[in-house]
Novice: 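Pasting a structure below so you can have a look.
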Amino acid sequence: MATAVQSPRRGSGVCAMRGSCGRLSIFGAELPCPDDGDATAPDQKLLDLMSSVCGPSYTLPSSVCCTYDQLSTLSDRLQQAAPLISSCPACINNFRSFYCDFTCSPDQSTFLNVASTQKTTEGKDAVKEVEYEVSSSFREGFYDSCKDVQFGATNGFAMDLIGGGATNASAFLKYMGDLRPGLGSPFQINFPVNDDSAYNRQPLNCADAGDINARCACADCPSVCPTLPYVAPPSANKCHVGSVSCLTFSLLIIYSVAILFGIVFYSWKQALRHRQRRYERVALLDPPHSPTTVNGQTNGLDGLVGRGGEDAESGPSGSIHFRLGRGASLLDPMEHLQPKQNKINAALRRFFYRLGLFCARRPIEVFAITAVIVALLNIGWKFFAVETDPVRLWVAPSSESAMQKHFFDDTFGPFYRNEQVFITQTGGTPINYDTLDWWLKVESEISELRSDNGITLADVCFAPAGKGTPCVVESVSAWLGDDMEVWGENWQDRVTDCASRPGECLPPFGQPIDPKLILGGAKGDWLNAQALVITWVVNNYNDDRVRPAEEWERALNGYLSRLDRPGVQISYSTGISLEEELNKSTNTDVKIVVLSYLVMFLYVSLTLGGGLPPSIVSAFASRLWRGIIRLGVLLHIVKSHPVDQSSTSPSLSIIPTLLSVNSKFSLGLFGIAIVLVAVSSSVGLFSLLGVKVTLIIAEVIPFLVLAVGVDNVFLLVHELDRQNSLNPAQQPEDDDESVNSEGRQPSTSTSLPPEERVARAVAKMGPSILLSSVTEVVAFALGALVPMPAVRNFAIYAAGSVFLGAVMQVTVFVSAMTLDLKRAESMRIDCFPCIRLRPPIGLYDSTVPAGESVVAKFMRRAYAPFLLRHEVKQLVLVAFGGLFLVATIGIQHITLGLDQRLALPSESYLVPYFNSLDAYLDVGPPVYFVAQKADVPSRHGQQQLCGRFTTCEELSVANSLEAERKRPDSSFIASPPAAWIDDFLQWTNPTFESCCRVRRRDPTVFCSARDSDRLCRPCFEGQEWDSTMSGLPEGGDFMRYLQQWLVSPTNEECPLGGQAAYSSAVKLASDNTTVIASHFRTYHTPLKSQTDFIDALTAAQRISADITRRTGVKVFAYSLFYVFFDQYEHITSIAIEVLSLALLAILAITSLLLGSWRTGATVTFVCALAVTNVMGLMGFWGISLNAISLVNLVISLGIAVEFCSHIARAFMGAGSGLPVDKIDGRREMDERAWTALVDVGPSVFSGITITKLIGISVLALTRSKLLEVYYFRMWLSLILSGALHGLVLLPVLLSYTGGQGYSLEDTDEDWVTSQMRRPMDYEYAPFADTDSLMSDD
């Protein structure tokens, strides 16, 4: 029972307590006796002990208030703390002086008061509670000297262990004075604030450079650290004007000025034109005296006498202008009408004509040769392999990141496998008794969990102390054990105490656990943490040794998937989860992808067919209209009026006949089959060459090649239809009898055979197909320059597939097209060619050309003339300039990265896990700075690495990392580095009697932890050893001690042992003569977004480069995620490089094959603008730049060529056959642009745009976010952008900047015939002089 102490003596030379009065229990600590007697003179033995215990900065007194045994007890207690703070002389010497004064000061009673006593087991009164009046200056100085001292093994601070993580001096002293086992006090020590305290000791300052017993190194004393210059965060170097970027601001100004200038210029031109028109009207009143030109402007006689000058060189249609109509133009001299020829185009036409004629005449041989080649190519399927390893997919084997990962894995072992679980609770915290009790039982079951082959956690876990020792399990069970009943109602105090002082709650594996690692989302309020976080650390290997771990992970996966508790959410991930779920995701939306293909198949097959002739459609439309009129008359809605009955409508019975014969369903399916065979052959070829298939290839290539290849099919079929209209077929003969004895026989006019028509169609479209295909193949092949295997392999497969598809389309498909044409002309049913029908009566009575489709008629009558009006063209340029500006703004919002959640199935269990990881884990991933090529056994090599000694280099490896930690906004480093060199050298400190020990009789033999102190002594006992590194081991001694340290256990007696914390951090040479490499571990700040991860990697690489430059030691940074994010260090430059090279290739190819560098440059510019708009949409639509989107950008460039190349070639070939005369002042290139739109615009719209839109629209139904974001969104963007630029901007630009045209016909006869037989040309004159159609007033 405690009793109050009555009026003890106080004063100088008077004690307050002394000696030992026993223990409170058999296992308790010795307690001092209250004693107000005088201080006594110490003997030499006591003085020697005081000198050792109290340190070199402590002045030994002439009298003391302690005994030898009492001081020995203090020495034992100080030995527990000394290894934690010994690196900073100021801290440890203040610590020693503080306790030596408390225990032995002769003036003890002036600042120490025994407040109460208690009875010991021996019945004596012992101290229970004292008041230690420490001056404010000392308490603050004491705290300041220790608050920044680091303990590398935990990547933390010694204050977490000796001061409970105190953040001020009062909390620090309170923690040390509280009654508590371990580093606490055996009795209560209170620290009342007394400004008049007699305790006058002055604290040592860690920055005191003149006192070797005080000066600390930079790592432990920030005030002596060099200040690094400010470095902006990696993503912060952006120029802004207000809330917009400088680039956007500049473009806004330029765009606004350009529009203003355009408006002014347009107004001036309109005024000038108005004046000129008035002058011309006056001049026409006196024709004999009016010149042909006035002030350089053409007048009304231009149409009669022709126009010279520049326009005369622009082509046949621009040479002579007549008001006499098309027929009169044939009377002109041939030198004016004969079109120019392009040598390259003529050679290509002759080549494709011969190729088409060969394939059309010998289809069987073509099929046979193709079948043999395809069979040979597909032999490579036996070597088919899919690459699923994320590292091999996204990281080039020769990249620096891959080599660094390989070096780290080989040197230190692969990074551990983590099995992690998050436990959350609906509407509250999982930190409650019931949930904790349930989880501790679950965790016990997991520790005993066995796989099918009997593998347990103990067989595969990471055990720092060696096989058979406790596994590393970071969980609240490290604090609570496996049974909540042990703590009862005190469990909350236990959790709070352990979270505040993790060093006092060591788990079985011996290392303190940061509470942020196991209590997620707490923000310091540990009992209200939002999640329990549990992590099992499992050994990892890069060979077959990893299979037992994977087997146990599958067992754990199954166990966790079955785990359930009402009101509790469980999210988890194991080492095998990500790869398995990613592979599973490829099959998630197979139905959607297949449906997308089928819809495209159906559309192509149906739309390729000829359908019903326009005359038939018109006849039935008339019949329907007459029926409606009759119904209206019967209902008295309209008045009766005469209906023309002169024309006879064909019978309804002919419609099925025409549909079944004119259908090209089987031809469309054959075209699609060719595309798939091309993909299959490409896979076989490159599999044979050892190029592995990736998941991107499997999902995208068939779709891509189909989308690209179908265009060529449409172009060939539509051109063949045009050839058929120019050269109508004769009525098929019937072997049995005439079709109808009363009907007229078919016309016997001459007609080209089917083979000739097919050959002409191939000759016309072959060069266009060659242009687009070669450009696409080259664009895709340039993607092989990207070092990322996923992108490179995709580019190789895409280029091969497109090439093989194009070759088969101008050979095999041509043969099939010929057979289908013969089938149709012989009235055989599509899909059932053995069945032959009789042609309907009167169907072949005349050779009327085939009519236009609705799209073609709209293009010719409305769209093309409207688009090419002068004012509309100006508005188009302004609008696309605005689009470019908006796209530029969007590009600046493109982020880098690929969220893992997008790549997973929406129902995957990893999605909630990643959500929990972002929400609750408040620590960043570990990062290792690997040092190579340092001569570590030498003193200079040690000084290049160390940071805890005063002679270490100012910006050594450790000091540089510490300096970077102090600017986390730019370094993304949050924790002090675990510097093995410092802890190792501190381990040799002779004042730590339980650390480095050797045999007394044979110092060459090291003592183990079990050896008695009587047989052993400190390694450097009696030798020089101080913070200047004087006396520390070098050379061979260094390596001998280092080998022992790496196997020395880390325990309470010696927390500096290297086995647990550093056994895998140092790689020794095979002969143990030097250190090959070592790493310094630290942690990143919490990384939440993809940008954070990329910036952290960038910062780590900058830090490594800075350290290498300063110290000469080769240093690189490694973290588990670096290898996946390394691509983003280069992806922007790679994207620019690949797209730029592709654009240069497009420029060269189009300029060569189109015969004009101006047209080639225009096409290239439009393609670049289309891709720019796609990139702008990426920024606005949340599509990040990564390997997948880079692949899509390359695709978008290839598809942009599809939209542009056919129109551009039609434009260049429109040097003849212009429909009507031009209006005054209209440039010839307008008419060529009109002709290009009318000729191939419908094919581009229906065969390219609509086909792709139909296929991609089905992907809108997908449940996969990856397919939605990177395929549906991005492909929709590139299709719309390509169509918009190809069908709107390109014709406008060609009308301004296109090159000189030439004819696509080879002979004069062909040219004249094509002009006379061009269907529907007489109906509409797009550029007729509207003034001539009006009568003058």
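Because only heavy atoms are used, hydrogens play no part in the values below, and waters and symmetry mates are left out as well, while side chains stay in.
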Novice: Test Thr775 against Ser772 for side chain to side chain donor-acceptor pair (under 3.5 Å), laying out the working first.
Specialist: CA-CA 5 Å; Thr775 309; Ser772 62; over 6 Å; no

Novice: Output the distance between atom NE2 (His1285) and atom CD1 (Ile1207), rounded to the nearest 0.5 Å.
Specialist: 13.0 Å

Novice: Assess whether side chain to side chain contact (heavy atoms under 4.5 Å, CB included) is satisfied between Arg417 and Ile576, documenting all intermediate values.
Specialist: CA-CA 9 Å; Arg417 305 171 70 90; Ile576 60 171; 3.6 Å; yes

Novice: With side chains defined as the heavy atoms from C-beta onward, is the minimum distance between Asp409 and Phe415 less than 4.5 Å?
Specialist: no

Novice: Take Phe1125 and Tyr1128 through the ring pair (Phe, Tyr, Trp, His ring centres under 6.0 Å) test and state the conclusion after the steps.
Specialist: CA-CA 6 Å; Phe1125 284 86; Tyr1128 303 112; 5.7 Å; yes

Novice: Taking CD in Glu365 as the centre, count heavy atoms belonging to other residues, nucleotides or ligands within less than 6.0 Å. Is the count above 12?
Specialist: yes

Novice: Side chains of Phe367 and Val372: closer than 4.5 Å at any heavy-atom pair?
Specialist: no

Novice: Answer whether the closest heavy-atom distance between the side chains of Ile1146 and Leu1197 falls below 4.5 Å.
Specialist: yes

Novice: Whether the Gln1090 and Ser1184 side chains hold a donor-acceptor pair (N or O, under 3.5 Å, no angle test) is what I'd like checked.
Specialist: no

Novice: Using a 4.5 Å cut-off on heavy atoms from C-beta on, say whether the side chain of Leu1177 contacts that of Ile1183.
Specialist: no

Novice: With the side chain counted from C-beta on, respond yes when Tyr1270 and Asn1186 share a heavy-atom pair under 4.5 Å apart, and no when they do not.
Specialist: yes

Novice: For Arg1209, which of Thr1159, Thr1150, Asn345 qualifies under side-chain hydrogen bond (donor to acceptor under 3.5 Å, both in side chains)?
Specialist: Asn345

Novice: Determine whether Phe813 and Thr818 make a side-chain contact, defined as any pair of heavy atoms from C-beta on separated by less than 4.5 Å.
Specialist: no

Novice: Yes or no on side chain to side chain contact (heavy atoms under 4.5 Å, CB included) for Gln1101 and Glu400, after CA distance, side-chain angles and deciding distance?
Specialist: CA-CA 11 Å; Gln1101 291 177 337; Glu400 188 176 12; 5.7 Å; no

Novice: Going from CD1 on Ile1279 to CE on Met1274, what distance comes out if it is rounded to the nearest 0.5 angstrom?
Specialist: 12.0 Å

Novice: Students often mix this up, so state it plainly: with edges at 30° and 60°, are the rings of Tyr1118 and Phe408 parallel, tilted or perpendicular?
Specialist: parallel

Novice: If you look at every heavy atom in Ser681 and Val374, which pair is closest and at what distance?
Specialist: OG-CG1, 3.6 Å

Novice: Using the ring of each side chain (for Trp, its six-membered ring), is Phe1272 parallel, tilted or perpendicular to Trp1181, with breaks at 30° and 60°?
Specialist: perpendicular

Novice: Provide the closest heavy-atom pair for Leu1143 versus Thr1164 in the form atom of the first, atom of the second, distance.
Specialist: O-CG2, 3.4 Å

Novice: Looking at Val679, is its backbone amide N or carbonyl O close enough to the side chain of Ser682 to form a donor-acceptor pair, meaning the two atoms are under 3.5 Å apart?
Specialist: no

Novice: What distance do Leu355 atom CG and Arg350 atom CZ have between them, rounded to the nearest 0.5 Å?
Specialist: 15.0 Å

Novice: For a 4.5 angstrom cut-off between non-hydrogen side-chain atoms, does Phe352 reach Pro767?
Specialist: yes

Novice: Compare every heavy atom of Ser1151 with every heavy atom of Gly1160, then report the nearest pair and how far apart it is.
Specialist: CA-OG, 3.7 Å

Novice: Would you check if the side chain of Ser815 reaches a backbone N or O of Cys359 as a donor-acceptor pair within less than 3.5 Å?
Specialist: yes

Novice: Rounded to the nearest 0.5 Å, how far apart are CG of Leu685 and OH of Tyr797?
Specialist: 8.5 Å

Novice: Could you measure the distance from the CG atom of Leu771 to the CD atom of Glu776? Nearest 0.5 Å is fine.
Specialist: 9.5 Å

Novice: If I compare all heavy atoms of Leu819 with all of Pro363, which pair ends up nearest, and what's the gap?
Specialist: CD2-CG, 4.0 Å

Novice: Could you tell me which non-hydrogen atom of Val814 sits nearest to which non-hydrogen atom of Gly356, and how far apart they are?
Specialist: CG1-O, 3.9 Å

Novice: I'd like to know if the side chain of Asn793 and the backbone of Lys692 have a donor-acceptor N/O pair within less than 3.5 Å.
Specialist: yes

Novice: In Å and rounded to the nearest 0.5 Å, what is the CG to CZ distance from Leu1290 to Phe1203?
Specialist: 12.0 Å

Novice: Tell me whether Ser1133 contacts the main-chain N or O of His1130 through its side chain, where contact means a donor paired with an acceptor under 3.5 Å.
Specialist: yes

Novice: Could you check Arg354 against Leu357 for side chain to side chain contact (heavy atoms under 4.5 Å, CB included), going step by step and ending with a plain yes or no?
Specialist: CA-CA 5 Å; Arg354 295 188 184 101; Leu357 195 61; 5.7 Å; no

Novice: Side chains of Trp1157 and Leu1152: closer than 4.5 Å at any heavy-atom pair?
Specialist: no

Novice: Donor-acceptor pair, distance only, cut-off 3.5 Å: does the side chain of Ser1281 make one with the backbone of Leu1278?
Specialist: no

Novice: Going through the checks in order, is the side chain to side chain contact (heavy atoms under 4.5 Å, CB included) test met by Val677 and Val812?
Specialist: CA-CA 11 Å; Val677 168; Val812 183; over 6 Å; no

Novice: Check Ala887 against Thr1172 and note the closest heavy-atom contact, atom names and distance.
Specialist: CB-O, 3.6 Å

Novice: Tell me, yes or no, whether the heavy-atom count around Arg362 atom CZ, taken from other residues, nucleotides or ligands under 6.0 Å, exceeds 12.
Specialist: no

Novice: Heavy-atom count around Phe1245 CZ within 6.0 Å, excluding the residue itself: above 12?
Specialist: no

